[in-house]
Amino acid sequence: MTDQGANRTGGMTRRDLLVALGGASTATMAGCSTTLGTDAGSTLRVGTLRPPLSLDPITARAIGSEQAIDRIFEGLYGYGEETDIVPAIAAGDPELDNGGREVVVELDEGARFQNDRAVTAEDVVYSYTAPLEEDAPTEWLVSPFESVEADGEHTVRFTLAEPYPALEHALTHPIVPRQEREDDKEAFAANPIGAGPFEVASFSAEKKTTLRRWDDYWGETPPAIDRLTMVYVEFPVTQLTSLRTNRNDMIEPVSPLIVDHVSDVANASVKRRQGYTSFYYGFNLNEGPTTDPRVREAISYCIDLEKAVSEFIEPMGQRQYGPLPPPVAEEWDMPTDEWAELANEKNPERARDLFREADAASGQLRILTSTDPKHKEFGEALAGGLRDASHGALTVSTSETKFLERHVSGSERDYSVFVGEITGTPDPDTHLYPTFHENMTGVTNGTFYREDAVMERLTTARTTTDREQRRRLYETAITRLLEDRVCLPICSFENSFAVDAGVENFRVHPIARVNPRLVWENSVVTVESGS
């Protein structure tokens with residue numbers, strides 16, 4: 001292991017890691033008798049660092065939930081091998097009228113839910129209106145639609161007040177059965193009915209989702225896997241141990257800590273792909289000392305982010321200087337070099353001066369993170385930097401459910417800073433609007449930033465079809481976000497899986513929620529018997 005890796009693991013060397021794996025394997029084996037020796041030929045187990053929280057597409061707001069939901073449900077459209085959309089429940093391409101303000105989608109008349117009820121236009125209308133009615137985390141995705149109406153049993157008409165350039169991504173929203181969800185929303189979140197190729201066998205929030213293949217799936221290509229289990233694993237080393245002992249067939253995401261050791265300890269390989277996920281520090285601009293821009297600037301002098309990314313993320317990601325991940329920033333020709341100049345180098349003395357100037361040199365700054373190892377590492381690194389600047393700091397790492405509740409509370413008691421994660425698509429709107437727009441404050445936006453000029457640009461960019469004009473709107477909005485220290489961008493992080501050699505035809509998709517994809521356009525993932 002490199003020196004950077006040794007620092008990241010508290011001095012753990014390659015030999016230490018292998019010894020730890022050897023010691024852990026006996027305990028792991030003792031706990032996995034329920035799966036080893038079963039029909040592995042049709043069973044796929046994935047050990048993930050991302051816990052599932054809910055299986056309801058309307059209220060889901062964590063990637064661990066979305067990855068399971070994407071197996072259970074279908075949208076009108078899904079994603080192809082790249083980020084293009086292809087028909088799913090829709091019978092063909094969307095028809096655009098009135099300058100892009102009306103969108104008509106015909107449904108595949110063979111589409112059915114897992115209770116054998118036909119998917120109707122009313123179900124589609126409900127799926128797109130419920131998020132707004134319930135102030136759900138997914139409301140940002142459907143809010144551009146002025147109305148969604150059924151035109152008969154198999155036709156849906158979307159009306160937009162203005163054209164929406166990210167329309168294709170909005171049309172991938174999962175379709176839920178209206179009556180079945182309305183009957184008992186709480187029960188639906190744990191045992192939903194979708195139109196996808198897998199149905200729920202069992203679900204335990206923050207622990208495990210087990211799905212079984214729906215043998216009566218109406219789609220053209222059913223999966224070859226009979227049973228899919230996605231189980232939460234808290235630590236990367238435990239993940240790797242589970243791969244070594246055949247407890248899991250795949251693990252994801254692959255931590256920088258273990259990426260160089262997968263082939264050493266297991267008959268597996270790492271499959272990775274640059275995607276659209278990034279990390280950032282978000283500040284509480286609602287209450288407490290971080291409402292003062294001098295305090296936020298002081299905090300920016302408390303950490304060497306180049307070093308932190310080198311130690312905690314590379315080679316599975318890279319430093320970024322704005323809230324858009326590199327593929328998006330590059331595709332949209334954003335001024336990343338200029339944004340890099342806005343980032344401060346670590347300077348504890350300057351931080352102390354700013355804290356004193358703001359009369360905020362005493363007390364503790366609370367840094368909120370989830371239990372994700374990478375988030376915790378960034379939280380602790382910032383806390384250490386604050387202490388170097390003679391300021392009190394406390395890192396609070398909590399469950400994913402509590403983190404998602406607390407980081408949007410705006411309460412000083414919950415956080416001054418949080419370590420956030422953005423998972424989107426190639427369109428900048430999916431990264432910026434839910435994270436920073438005031439309409440999503442307290443739902444998916446935990447910064448409580450309310451600068452009118454920025455909000456106007458983010459809103460206008462949603463209705464601007466001229467790409468260059470839209471690019472300028474985003475550029476100026478992001479530059480202001482960075483100048484006002486609303487957030488400190490940290491890094492991108494790749495989509496990655498370590499995959500046992502017995503798993504065939506598996507490929508990583510650039511959009512995180514599409515993974516683990518088990519059916520491709522002309523291929524299905526299989527698991528070799530006895531692997």
Side-chain angles (χ1 to χ4, degrees), residues 55-58 60 66 69-80 83-98 100-133 136 138-139 141-160 163-164 166-183 188 192-200 213-223 425 511 513-514 517 519-521:
L55 299 181
D56 183 352
I58 305 298
E66 292 172 353
I69 286 168
D70 219 58
R71 316 279 79 75
I72 303 166
F73 293 85
E74 297 275 22
L76 291 172
Y77 297 87
Y79 289 102
T83 58
D84 55 307
I85 63 168
V86 295
I89 288 174
D93 294 337
E95 298 178 12
L96 303 182
D97 296 321
N98 192 21
R101 289 183 173 87
E102 286 192 358
V103 184
V104 177
V105 177
E106 298 289 340
L107 307 188
D108 185 327
E109 295 187 19
R112 310 191 73 77
F113 290 114
Q114 290 152 1
N115 60 357
D116 203 35
R117 181 173 74 76
V119 180
T120 69
E122 288 293 343
D123 295 311
V124 177
V125 171
Y126 176 76
S127 300
Y128 279 85
T129 55
L132 290 169
E133 294 172 357
T138 51
E139 69 173 291
L141 182 69
V142 302
S143 60
F145 297 113
E146 187 173 62
S147 66
V148 185
E149 299 175 330
D151 186 2
E153 284 289 305
H154 300 103
T155 304
V156 183
R157 186 176 301 274
F158 297 86
T159 303
L160 295 151
Y164 180 42
L167 172 67
E168 61 182 10
H169 301 293
L171 293 178
T172 67
H173 179 56
I175 303 305
V176 304
R178 175 175 185 162
Q179 192 57 55
E180 288 81 346
R181 181 175 183 270
E182 282 292 315
D183 285 345
F188 188 86
I193 295 170
F198 286 92
E199 54 188 342
V200 178
R213 183 177 60 189
W214 179 30
D215 289 334
D216 294 325
Y217 176 54
W218 58 275
E220 290 185 6
T221 308
T425 73
I511 295 177
R513 71 175 173 88
V514 177
R517 193 172 207 173
V519 178
W520 293 83
E521 292 177 5

Shortest non-hydrogen contact from [X] toward [Y]:
X	Y	result
Val125	Val148	CG1-O, 3.4 Å
Gly152	Ala121	O-CB, 3.4 Å
Thr138	Ala60	CG2-O, 3.9 Å
Asp108	Gly110	OD1-N, 2.8 Å
Asp93	Pro87	OD1-CG, 4.3 Å

- Say whether Thr159 and Glu102, considering side chains only, have a donor N or O and an acceptor N or O under 3.5 Å apart.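 Thr159 vs Glu102: no donor-acceptor pair found between side chains.
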Short question: side chain of [X], backbone of [Y] - any donor-acceptor pair under 3.5 Å?
X	Y	answer
Thr120	Glu153	no
Gln114	Gly196	yes
Arg71	Glu199	no

- Message: Testing Glu182, Arg178, Gln179 one by one against Tyr126 for a side chain to side chain donor-acceptor pair (under 3.5 Å), which residue passes?
- Response: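 Among Glu182, Arg178, Gln179, the one meeting side chain to side chain donor-acceptor pair (under 3.5 Å) with Tyr126 is Glu182.
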How far does [atom1] of [X] sit from [atom2] of [Y], to the nearest 0.5 angstrom?
X	Y	atom1	atom2	answer
Ile85	Leu167	CD1	CG	7.0 Å
Arg117	Glu180	CZ	CD	4.0 Å
Arg517	Ile511	CZ	CD1	9.0 Å

- Task: Go through His169 and Tyr79 one step at a time and tell me if the side chain to side chain contact (heavy atoms under 4.5 Å, CB included) criterion holds.
- Result: CA-CA 9 Å; His169 301 293; Tyr79 289 102; 2.8 Å; yes
Does a side-chain heavy-atom distance below 4.5 Å link [X] with [Y]?
X	Y	answer
Asp216	Asp116	no
Leu171	Tyr128	yes
Pro197	Val519	no
Pro192	Asp56	no
Tyr77	Glu168	no
Thr172	Arg513	yes
Pro131	His173	yes
Glu146	Leu160	no

- Intermediate values then yes/no, side chain to side chain contact (heavy atoms under 4.5 Å, CB included), Phe158 and Val142: CA-CA 10 Å; Phe158 297 86; Val142 302; over 6 Å; no
- Under 6.0 Å from the CZ atom of Arg101, do we count more than 12 heavy atoms belonging to anything else shown?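 For Arg101, atom CZ is crowded (more than 12 foreign heavy atoms under 6.0 Å).
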- Please walk me through it: do Leu76 and Val156 pass side chain to side chain contact (heavy atoms under 4.5 Å, CB included)? CA-CA 10 Å; Leu76 291 172; Val156 183; 5.5 Å; no
- Evaluate the criterion side chain to side chain contact (heavy atoms under 4.5 Å, CB included) for residue pair Val119 and Trp218; output intermediate values, then yes/no. CA-CA 11 Å; Val119 180; Trp218 58 275; 5.7 Å; no
- Please work out which of the three classes, parallel, tilted or perpendicular, describes the rings of Phe188 and Phe73, given edges at 30° and 60°.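 Answer is tilted, since the angle falls between 30° and 60°.
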- Item | Identified side chain to side chain contact (heavy atoms under 4.5 Å, CB included) partner of Arg181 from the options Asp123, Val176, Ile193 |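 Result: among Asp123, Val176, Ile193, Val176 is the only option passing the side chain to side chain contact (heavy atoms under 4.5 Å, CB included) with Arg181.
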